[in-house]
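Each ligand, and each atom within it, is numbered from 1 in the order the structure gives. Note that the numbering runs from 1 along the sequence shown for the chain.
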Amino acid sequence: MTSRHHDWFDVAQICLNGHLVNPQVVAAPDLNQDFCVRCGARTITACEQCRTPIPGASRIPGILSPSDASRPAYCPGCGSPFPWTEQRLLQAYALADDLEQLTPKERELLKQSIDELLADGPHAQLASVRFKKLVAKAGVQAAASFQEILVSIVSEAVRRLIWGA
Ligand SMILES: [Zn+2]
Ligand SMILES: [Zn+2]
């Protein structure tokens, strides 16, 4: 591991459900907590797969840390989804599997679109169109549930593509 994170960003402590507990583990270790005060879940400061520290608050004015806008969804060291991302991804899949308004093929397409939206790669634009179409077919209630699950783990750009804000 390089020291890049330590130079530019502090380290963040985040609970397994995704609550930011301490954005400055190095600068303010007194604020560390083994368990989240909001939900009681265990907290982590590094990826559990590769031990790369979770990027925390920015140390350089003008440089935005991945945690400044929202908590990071994927590990910068190995690309694994963080536990809170994986949890929401599984929730979104389960919801998609439950949508009786959609055909089995449409449900698979919807899950694939969710993957592509989270990855925010070259297919995100197309995926957002497909996602909106399928979710509209699934109904208002489903749309609201998907928004609640996904809004905090997709990127700013994807959020704007789907929800326009
Ligand atoms: Zn929590
Ligand atoms: Zn990792």
Practice item. Give a rough value, rounded to 10 degrees, for the angle at the Zn ion (ligand 2) between atoms SG of C78 and SG of C47. Key: 110°
Check your understanding: Does any non-hydrogen side-chain atom of L16 lie less than 4.5 Å from one of E48?
Key -> yes
**Study point:** Spacing of CD1 belonging to I149 relative to CD belonging to Q87, to within rounding of 0.5 Å
**Key:** 11.0 Å
Check your understanding: Taking the Zn ion (ligand 1) as the vertex, what is the angle from SG of C39 to SG of C36, given to 10 degrees?
Key -> 110°
Check your understanding: Would you call R107-D97 a salt bridge at under 4.0 Å N-O?
Key -> no
Exercise for review: Grab the two heavy atoms, one from A41 and one from N17, that are nearest each other, plus how far apart they are.
Suggested key: CB-ND2, 3.8 Å
Point to revise | Of the N, O or S atoms in H19, the one nearest the Zn ion (ligand 1) | key: ND1
